[in-house]
Structure formats: structure tokens, C-alpha cells
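Naming convention: chains lettered A, B, ... in sequence-line order (proteins, then strands); numbering from 1 in each chain.
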Amino acid sequence: MDFRNSSRNKRIEHWIIVILISSLCMGLNFFVSKLTWQIDLSKETKYSLSRESLALLNKLEEPVEIIVTIKEKNNLPKITHKFLQDLKLLLGALENAPTSKQIRITYLDVDSPRNLPDYLSAFQLNEPNLIVVASPKGGQKTLFRYKVESASNPYDSSTPFRSNDNAARQALWESNFYADWKESYNGVMEPTKFRGEENLVRSILEIAGQKNKRNTAYFTTGHGEKSPFDLDEENGLSALSGILQDRNIKVSTIDLSVSKSVPEDAIMLVIGGPRGTFQDQEVASIQSFLNNRGGKLILSIDPVEELSVLDRPAFGLRSILKEWGIRCHDMLIYDSSPENYDFFTGSYILRTFLQKNNHKIVEQHIRLGLSIQSDRCRPVETLETNVNNSTMCEILFSSQNALGLSGWTQRKSPPEKNELLDLEGNIPIISVSEKGSGKNNQTSQDTKVIVLGSSSILSNKYLTKSSGNQLLAKNIVYWINEIPEMLDIPPRELNTFSISMQEEEFQALLYSIAIIPGFIALSGIFVGWLRKEL
Amino acid sequence: MSAETKPLPIIEVLNLKKRYGLIQALKGISFSVGKGEIIGFLGPNGAGKSTTLKILSGLIPADSGEAKVCGVDLAEEGGEVRNHIGFLPENNPLPEELRVIEYLHFRAMLKGLRGSRKRDRIRIALDICDLERKVSERKIGNLSKGYRQRVGIADALLTEPRLVILDEPTIGLDPRQSAVTRKMMERLRGEVTFLLSSHILSEVEACCDRMIILSHGQIVTEGTLNELQEEFINRTIFEVIALTDRMSLQKSVREIDQTCELLQDEPVDVSGKKRFIFSTEKGEVVAEAILRYLVKIPDLRVFEFQIERPDLETIFLRATKKNWEENDLLGKRSRRFKIE
Amino acid sequence: MTQGYWVILRTEIFSLFISPATYVSTFYFLALLGVGFRFFIESFPATNWILPPLSSLALGLLFGAPALIPFLTMRTIAEERRLGTLETLMTAPVDAVSIIAGKWSASYFFYLLICCGAYSYPLLVCIIFPSQAESLGFLKPEHWIGGFVFLMSFGASFCAIGIFSSSITRNQMVAGMLSFSLITLYLAIMAFSYGEPTKIDEFRSYDDLFAMVGGSLHRGLDKIQFFALGVLHIPTILHQLIVVFFFLSLAKLQVEKIRH
């Protein structure tokens, strides 16, 4: 062999070793990145899944996808960063949990030009800032949605100007990921507990646990009701059906006069602002749905203008309502004080809640001071007498100055109070009634009825613009569809860090900090002196 | 060769080859060194002295050939040999910022000495190398070249090695300093085998038992000084200073020894004295006979007569010159042209 | 072999301790970090900072590493090669592994010492202002351990990068700049991939390949969120060990090369 060859061989040999080491390290990296070990040093291992969750997750029947389309950017509000951090820790723990079926976490950038991964193409995911739990068969559920209002017009009264931080806070509030919000050092509400584990585990179970066939909300048709598929900005109910779909509830319509009975898969009926009367046979099937099958009912009912329907009060639904302890007068609520009306849109602002014993639907409204907007509305009272073992509750009231006008189409304007027939003062507008089936703990069989005194409260008109109405709608859906088997997953205490030092204390700190470098400088000098040549 | 007859060779080298890229640094050298010898490695720059020493100390591997040092086969376990030898590398690089004593402690621990034995050995090594206490407290960076060299030698002697390899131990030292090195080797003569490379000939001449002359990666010759003189200068050279002409002197010399050659004649001074250099193949006896004969002839007017013994320098030059010519590419080519 | 390792480690630490450059760089580094720490704890509530304030030190030390590590590593092999003392070292019965491992351990040890120095700032806060320390979350031992383990793992790989840079050149300035650039590059790649919502599960593009084999290069800095809260993410630590192994083996190859 030539010398030249030999030296070249040596060099090649050297590079081969380098390449071998590199590929060995890359291979090791590959295997290590498949590992999921982590050691939780925190007290009570609060960053790992609780034993309850692990037990529940072992019952999964299908693999679960959790898709997060929140893009981590620096300009996100601080609370979103915090949320993302909490979420990441939790998702990491979920992904690595020993579950019966795989839980796969995907962080998706919906703006990127890359195609969706194959396993996600079945789900419609094109919106940013979502957290979706989905499974191939069990459908999907949106746990968190946050719309960035990029260009809100400060002169447009219908969309109040809000900071990103505020919007993010609201989205988080509504998503129920955090609990126990407390006022922090500068008056901002900060959460103190993270309920993400409970929230996610619950949704995972809903999606991929034992199947609940009853997962459809039926909107009645045939009486001039508003349609769930109507995207109309005024009268459509598409926003409400969107909220339902987010919670993995399918939306469909039903004409009860045709179909005789409510279908098997129905979990709830929604009657959104009927204009015509319900016939006896329809009322009977609704009654049977409520009484025998633990059905739920959302009824929004507008004041009646036409005298023709007055002979059957509340569009013929009075008998049902009476059974559930709710009375729905054919009245109109008249409020004489102009401050209760929105100056620009003229919508009626409802901001009176029952202080004591508040219902969980409006609990957050009370704490946040949110109001609910509405068009014309009618009173929805509960009866004093407890019928049918159900518990009733009035949850939203008009202002003190309001009058409930009976026979209002014939009244003068401004109306004078008819002492005999009219209602006065805080007139209830939304009432709920519920009854436990009592048979077992399976309280998803609970019958729940909510009656709203105006169909506009849940219509697109206000649901898309007023955050109070949005929260109301979400809470109604949440309440109606509440999974009764309460998961006993404890919320995690959040760390909050703050400092309250005086300027002098900071100075003192700086001086004390200087000890360390000073010590190093001195020891350097000392060592230098020691090493000096004698 | 003389080394082969000695018992227990401490170094045995057989056909060692090493190349650096295109340059064949060693072209197959073989020699052996007995216990207690002091061997001088001679050769011009680039002859392969340092390469050989590095290979023998296990620092670099050879390409082919066999080498055994202190009974350790270098090809099998090159690192092992470092436990048995002391090595002073060329230029003797030392960490500047350490004190002498710290450095020796570090080296002693590296070589596996511990506790009181470590302290004793360091003391002895310092003592052998004439490094007094004051010097041992100084930083190596501030020491003079001679002291550094002694630190390096002290390091080489730390583990009581059977073999100490010194690569250019006296380079750049003044005569007094190199005398200290020589003295050190004299003190340890017999106990320790020294293998030192140098191109300062007087140095090697003064203290080495035997020398190996390398040129162009080959051993040109080896042996004691006398052996080398006999081998290389097989003619006796004598010098005559006489006030005569060349022809008559040569004629007179040839009367005793026909083979005697006149190598050189040159005038010594203005008086007409000339120096004549003769060489004969018949040894000093003949040279003495010639002297006695020449003195008897009055015409020649012999003033001085001297029989010269060739020094190492002559041997070195002659030995390496022959080799040099063989390896001179141009020379080879020109010869080839002549053949063609 | 281990004996040679310990001796070299001791001597290397000793020479770091007697070298003025170490003191100067440590002094400046810790002084800057201290001032930064003081202003950080004053201002962090107003910023987007969501991690425990203690983790600011870990990040400070991590991002300060490109400036600090070269001072600890650049002299080790480059200078020894230039002076030739590496060859002297090789004449003693030690092998290249001990030399590399010893030198790496020494600089790593010193880096950890500096980390300890930095962590004494919050310790001082705990001693002088106990109530503030509580509200700042300094009293949670898991935050301390998590942050320090994070630093330990990344410090190890950075020191290995420094040793490697030092081994491939004879000029210590070049070695210093090389390790500065390599560590900065390492940090930059980790920082650029920070929070990018991709998931490694199937091979779809070269990005994914990189994510699979890149180890901590792919979103390695994210894991501070785990470590800062006291959750030790074992793969990250293993990734760093692989990086250490990788660069130290390359450095060993380099050192062995000079023996041929």
C-alpha cells in the first residue's frame, strides 16, 4: 500500500469513528426521548396524577386525543402563560399515565401550512386557542376556547373594548380550569387552585369512557321556534348549539307533532321561543320525557302578543311548568328607569340576582358583576308550594322599578300600575327546577327544567356579544349536562409568588448579595498573595 | 555486538518502523540495550531519535516491528511500559504556574506513589538532581532552563525506574549545567539504564558507554567509542610537519609502508614548513616505525610527528555522510542518469 | 485508571483555584448575577414571569454559561497542547480517558461551585428576610433541588462542549471562542424550538427527524418548567448525559490523535 493511501485510510478511520459515535448518540437520544420517567419532588406529588384519576383512567374504552391549538407566544397574557404551564405539566402526566388506552397529546399549530396528522383529520380543527378532547368514536369536546379580539373598535358600543388579558381571564374562568379566584396584590383576580385534572379526566371519561347513548339535544320545531342551525345574527340559535357541541352534545331538531315521542338518544329538549301553541299530544310526550326518562328541558319563552294564543297560556306549556313548580304569566316586564337599558342598542339589562342561596348557573355572574342582556321579557316565577318533590329556584330578576303588565297589548304608554293584576318590584325572569330520580346515584337521570322569560337571552343576538349571556348559556349547559358522579379529584393549590419589600430592604439585600462576589475577590487576592514568588 | 552478549537486555528492538504521512521516520531499526548501560543516541536532526525514544516510552505506537522494554512488549501493552521507565521529553514542557514541589507531588501521584514513599522518593529525586529546597519552592515558570531540565529529570527518576530515557537532556544548557546532568548519570551508573539522545557529541563522548548513530531512520552504526573508531577509521592517520617537499617525504614513507597515502599537504608558516597528513591501513605500529625512520633522515627535517586518534565528531560525520549520500535523492538520480 | 483520574481531577481543580482568571471571571459573573437577581425579584410580578422566582437563577446561570464555561475549560487541553505538557502528562501511566474525564470533572466541579455561589443569594434572602422568602416561594426544597438538577445536567453538557473545543485547537483563545459559539448555538437551537407546538410520534418531515434524534436540542429549554417546580424530567437528564458522552468521546479521539 502506498503511504498516501495509508494516511487517507487513517483519516477515514477517524471519521468513521466520529460518525459511529454520532449515530450512537442519536440512537440513544431517540430511545431516551421515548422514555417518560419523571420524578415529582413536590409535597404530596401534586404534579402527578392523583390515585382517583388513575383509577378512572383505567376504565377508558377508546384511545383519546387531546389537542391543544394554543400557540405559545411571548405576547400572550401572563395568565395564559401560567395556564399553559399548568396544562403542560398536567398533560405530560396524563400522557405518561398507565391507562388502559393511549392518551395522545398533540400541540397543533393550526396556522402552519402543514397538513394535519392523519389521526387528527377526522376532527374539525381549524381554530386557534382551543383545547379539545376527542376520540374516534366518542366525538369531541372543547374544553377551552379563547377568541383573540384582534381589532375591537372602541366606538362600537356593542363590542365593549377589552384587553387581551381580560379576555383570557374570562375564557379561563368559563372553562372552569381554575377555581377559588381571589383578589391579588393589585386588585386583579387571580386563581388559587387548578382544577385541570378533574376537568380533563372528566372530559376524557365522557368521551372515551362507558358510552352514554343519550347525547343529543333536540330543538323542537313546528311552533315558529328559533332554529339551532340559523346563523342569523338576531334570531338564530347557532351560538347555543355551538356551545352544546363543544360539550360533545349533538344537536338535532324534532317536530313533536309528527314524531309522537322524544327519541331514545335525547338528553334534552330545547324550546327556543315558540310562537305557536303546543298541542296536548306534544305536551304529553314532553311530560313523559321529563317524568319517566329524566329528561331535561330548556325553555325560553317570549311575551305573547297575539290574543289568539292567550286562551292557552304559555303556548300550552303551562301544565308542564306547573308540574315542575314554575308559573309563567303572560305578562310583559316594563321597566321605567332608562338606566336599565343599553344606551346604544336599547337592550334590557338584567343584573339582579338572588344574593342568598345563589344558584350555580349565576354564581360567577354575581362574583364578576356581569349582567345579562335581553329583549322584551316575561316573568317566570316559581310556586311557593313544593309540587312533585322538585326543588325550584328563581335565579334572575328584573330591577326594582319593573312592572309586570298583564294584558299589555292593550295598555297605555306609559302604563299605570294595575294593583290587582300587575306584578311589581324584582320580577323573576329565569327559574329552574330539578328533581333527583332518587333511585340511585346515577343522577344524570335527574330531571332539570330551566325556563327563561325571553328567547333573545340565548339567541345569537346577545350570545355572540354579551359575555354575561355567554357565561349564562355555558353554565346552563354545564348545569343541565352535569356529570353527577362527582369525581373526587382534589384541585391543586397554585403557587403564587409575590414580594413586598421596601426600598431600604432592597438596598440591604443588594449589600448582602455583594458578600459573595466580595468573598471571591478577597480569596482571589489571598490566593494570589500565597502564590506570589518569594 | 557487545550488547547481545550481556544478560537481561532491558531494551530489545527489532526492525522497528514508523512513518508520519509521507515521511518514513524509522526504516527498520534493531538494537538492544543491557542493564545499567548508558546509551547515547546520536544522529542529525530528523534522524528519528525522538521518534524512537517516544516509541520506546510507549507514547506513540510503531507501525511495525517488535520492541520490548523492561520485559513489556510494547505492541501488546504500550501503556504498561510507562510504569517502568522515566522519560524526559524533548524540550521538557512543564506547567508554568505550579511550584516544583507541587509538580513533583502531582507526577508522583500520577505514577502511583503514595504517602511516605512518595515524600521519600521526591526528596531523593530532588537530591539526585541537585535541586535544593529553595528551588523546589519556586514556580516552574520562573526557573531557568537548567533548573527546569533538572525538574524534568527529577520527575523521570521519581519511581526508581530501571530505565530512564532522556530526549535531548542537555540542549540549551551551559557547560556547568550539563555537567550536573552528567554527574547525576554518573551517580546512578550501574543501577539505572540511561538512554539519551543528543547531538552534542562531547556530551555523549564523555558519559556514554555505548552509542547508536542514527541517520534517516536507520542505524548507521553502534558500539563503544573504541569500537566505532576501529570500525570507521580503520586507517591510522598521522601528521608530519617537516621542511621538505612532498615528493621526497612521500618516497621516504613508502619505503616503510607501500600502502601509505598522503591525504593532504599544506604550508604551516612562511619558513616553508609544511604539514603532511598520511593515512595507513597497517595501524599505529607501522606509523611509529615510519616516524623512527623519518627522524633518521636528516634531509627531511622533521619537526613534529603526531598520530591522530579520530574523535566522535569525525566518526559521526563519516558515518552519517555515507548514509546521507545514499539518501540524497538528487545524488541517486544523478547516478542513475550516469548509468543510463 | 481511576487513580489517574483522581490525581488529574485534583490537580486540575488545584490549578483552577490558583488561576487568577478563574477568580476574575467568577467575580464578575456572580456580581452581575447578584445585581440581576436583586432587580429581578423586585420586578418579576409585573412581568410575564410564571415560574418560581428561584428558577430565574437557573436560567441566569444557564444563559450565562456561554460566557462562563470557556473560562473554565479553554485552558485545559488547548494550552497543554501548545506548551506540550499534555505529552508530558502522557508519559505518566495515565490514559486519555482519565485525562479527559479528569479535566471535565474539574471544570464541572468548578461550575457547580459557582452555581452554589449563585444559589447562596436566595439563601441570604431566606436568612435575612424570612417572610419575603416565604412569599417568594424560596422555602420549597423541591424548587431548589429541581433547579439545581437542571443546572447540573446542562452544566455537565456545556463543560463537555468546552473540553471538546479545547481539545481540537492549540490556541486557547480559539478554544474559548469555539466553546462560546457552540454553547450559544446549543442554547439558541433549544430556545428557538421553545414552545413550538409539534409532537413527535411519526416521521413526517425532517423536523420530526430532528426532534427524534436531537434530544434536548428539540425543546430542551421547555423542561425548565418541569424542573423549576420540582418535577425531575429524567429524559432531559439522560439527553445531557448523552451529550457529555458524545463530546468527551470526540475529545478523547482528539487527544489520542496526537499520539500518532
Side-chain angles (χ1 to χ4, degrees), chain A residues 10 14 17-18 21-22 25-30 32-33 35-43 47 68-72 74 78 81-82 85 88-89 92 104-109 114 117 185 495 497-501 505-506 508-510 512-517 520-521 523-524 527-528 531, chain C residues 17-18 20 23-24 26-27 30-31 34-35 37-38 41-42 44-45 48 50-53 117 120-121 124-125 128-129 132 135-137 142 145-146 195-202 204-205 212-215 225-226 229-235 238-239 242-243 245-246 249-250 253 257 260:
Chain A
K10 220 171 256 175
H14 182 79
I17 294 175
V18 170
I21 291 178
S22 313
C25 289
M26 287 199 269
L28 282 175
N29 266 340
F30 176 69
V32 166
S33 57
L35 296 179
T36 53
W37 304 331
Q38 53 190 40
I39 301 171
D40 192 348
L41 296 175
S42 58
K43 235 186 263 172
Y47 298 107
V68 180
T69 65
I70 307 172
K71 203 173 173 185
E72 206 161 325
N74 273 334
K78 183 177 183 177
H81 276 295
K82 197 176 168 64
Q85 192 208 1
K88 262 190 199 167
L89 283 164
R104 177 161 48 189
I105 318 287
T106 313
Y107 293 91
L108 197 68
D109 183 358
R114 287 171 67 170
Y185 68 102
N495 298 316
F497 309 108
S498 62
I499 186 156
S500 53
M501 272 191 179
E505 287 177 309
F506 273 121
L509 176 64
L510 192 59
S512 59
I513 276 177
I515 293 173
I516 311 286
I520 284 164
S523 51
V527 168
R531 303 292 302 171
Chain C
F17 263 112
I18 61 170
Y23 285 95
V24 173
T26 311
F27 170 77
L30 282 182
V35 174
F37 179 71
R38 174 240 179 275
I41 60 169
E42 185 182 20
F44 83 91
N48 256 355
I50 47 166
L51 298 172
S120 58
Y121 297 152
L124 281 172
V125 176
I128 306 173
F129 309 105
Q132 300 293 342
S135 72
L136 284 167
E142 71 260 22
I145 299 168
E196 206 163 272
T198 47
K199 180 71 195 154
I200 31 169
D201 243 329
E202 49 185 293
R204 296 203 294 141
S205 72
M212 278 187 210
V213 299
Q225 300 185 353
F226 290 73
L229 292 170
V231 180
L232 306 187
H233 190 246
I234 303 293
L238 293 178
H239 280 314
I242 293 169
V243 173
F245 167 75
F246 177 68
S249 353
L250 290 189
L253 278 183
K257 227 169 103 180
H260 293 281

Among [options], which has the most heavy-atom pairs under 4.5 Å with chain A?
options	answer
C:Thr26, C:Val243, C:Leu229	C:Leu229
C:Pro53, C:Gly117, C:Gly137	C:Pro53
C:Leu136, C:Val24, C:Leu30	C:Leu136

Where is the tightest heavy-atom contact between [X] and [Y], given as atom of each residue plus distance?
X	Y	value
A:Leu89	C:Phe226	CD2-CD2, 3.7 Å
C:Phe27	A:Pro517	CD1-O, 3.1 Å
A:Ser523	C:Tyr23	OG-CE2, 3.7 Å

Which one wins on heavy-atom pair count under 4.5 Å against chain C: [options]?
options	result
A:Ile39, A:Ile21, A:Val18	A:Ile39
A:Val527, A:Leu41, A:Thr69	A:Leu41
A:Ile516, A:Leu28, A:Asp40	A:Ile516

Fill in: Non-neighbouring partners of C:Phe129 that pass ring pair (Phe, Tyr, Trp, His ring centres under 6.0 Å), sequence neighbours left out
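Per chain and number, C:Phe129 pairs via ring pair (Phe, Tyr, Trp, His ring centres under 6.0 Å) with no residue.
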
With only heavy atoms counted, which part of [X] is less than 4.5 Å from chain A, the side chain, the backbone, both or neither?
X	result
C:Phe17	backbone
C:Pro20	neither
C:Ile41	both

Discussion item. Could you walk me through whether A:Gln85 and C:Leu51 satisfy the side chain to side chain contact (heavy atoms under 4.5 Å, CB included) test, starting with their C-alpha distance in whole Å, then the side-chain angles of each, then the deciding distance to 0.1 Å, before giving a yes or no?
Written reply: CA-CA 9 Å; A:Gln85 192 208 1; C:Leu51 298 172; 3.0 Å; yes

Worksheet item: To the nearest 0.5 Å, what is the distance between CZ (A:Phe30) and CD1 (C:Ile242)?
Response: 12.5 Å

Fill in: Residues which pass salt bridge (charged side-chain N to carboxylate O under 4.0 Å, His left out) with C:Glu42, listed by chain and number, not counting sequence neighbours
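For C:Glu42, the residues satisfying salt bridge (charged side-chain N to carboxylate O under 4.0 Å, His left out) (neighbours in sequence not counted) are C:Arg38.
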
Flag side-chain contact, heavy atom, 4.5 Å: [X] against [Y]:
X	Y	result
A:Ser22	C:Phe246	yes
C:Leu232	A:Gln38	no
C:Ile128	A:Leu509	no

